[in-house]
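Structure record follows, encoded as structure tokens.
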Amino acid sequence: MTSPKPKTTQTMKPETAAKKLGVLLSATPAEFQEGVVSRDELNELQSRPPTWLADLRRNGPHPKQVVAAKLGVSISGLARGGITEPLTTAEIDALKAENPAWLERERSIQAETRKEALRLKQR
């Protein structure tokens, strides 16, 4: 009988962990950016976020996938609208209040895409 192998700790690069946490890596503390993150550490960050993570999630700057979700458009729609840089929550709220023509157009495209996906799924 063979003895069980010791369980190895799964780790990930800071870029991967930041993406899973929904934050911009460059806005995280230096010790987060320079280290590796274990699966247990990631679970701990998700379940009990430290102050810096809670502030980043609340105020930004946010990565493009979060910006797109908050605006209700696709990442491609952001690019077509000229948004290429990370935005803060205040900037996102200002864009929503301004509701430029490109944002309205991209939201309608996104709504049509979702409607079509739902239609195909129900077939």
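This is a predicted model, so every value here is computed, not measured. Side chains included, hydrogens not; waters and symmetry mates left out as well; all remaining heavy atoms used.
Here the straight-line distance linking atom OG1 of Thr113 with atom CG of Leu118 works out to 12.5 Å at 0.5 Å rounding. Once rounded to the nearest 0.5 Å, the distance linking CH2 of Trp102 with CG of Leu78 reads 5.5 Å. Between the CD1 atom of Ile109 and the OG atom of Ser74 there is a distance of 7.5 Å, given to the nearest 0.5 Å.
Under the 4.5 Å side-chain criterion, counting only non-hydrogen atoms from C-beta, Gln65 is in contact with Ile75. Side-chain contact check for Val67 versus Pro86: every heavy-atom pair is 4.5 Å or farther apart.
Not counting sequence neighbours, the partners of Glu112 by the side chain to side chain donor-acceptor pair (under 3.5 Å) test are Lys115. Residues passing the side chain to side chain donor-acceptor pair (under 3.5 Å) test with Glu91 are Thr88, sequence neighbours excluded.
Looking at every heavy atom in both residues, Leu95 comes nearest to Leu103 through O-CD2, 3.8 Å. Of all non-hydrogen atoms in Leu56 and His62, the two that sit nearest each other are O-CE1, 3.5 Å.
Under the 4.5 Å side-chain contact rule for hydrophobic residues, Val66 and Leu87 do not share a cluster.
For residues 38-52, the salt bridge (charged side-chain N to carboxylate O under 4.0 Å, His left out) pairs, not counting sequence neighbours, are Glu44-Arg48. Sorted by first and then second residue, the salt bridge (charged side-chain N to carboxylate O under 4.0 Å, His left out) pairs involving residues 55-73 (not counting sequence neighbours) are Asp55-Arg58. Under the salt bridge (charged side-chain N to carboxylate O under 4.0 Å, His left out) criterion, the residue pairs touching residues 74-83 are Arg80-Glu106, with sequence neighbours excluded.
Residue Lys96 qualifies as enclosed at atom NZ: its count of foreign heavy atoms under 6.0 Å is above 12.
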For residues 16-30, please give each side-chain donor-acceptor pair under 3.5 Å, one per line with the distance, not counting sequence neighbours.
from, atom 1, to, atom 2, distance (Å)
Thr28, OG1, Leu25, O, 2.6

* To do: I would like to know whether Leu42 and Met12 meet side chain to side chain contact (heavy atoms under 4.5 Å, CB included); could you show each step before the answer?
  => CA-CA 9 Å; Leu42 179 69; Met12 61 193 83; 3.7 Å; yes
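Between Arg119 and Glu116 there is a salt bridge, with a side-chain nitrogen of the basic residue lying less than 4.0 Å from a carboxylate oxygen of the acidic one.
No side-chain donor-acceptor contact under 3.5 Å links Arg107 to the backbone of Val73.
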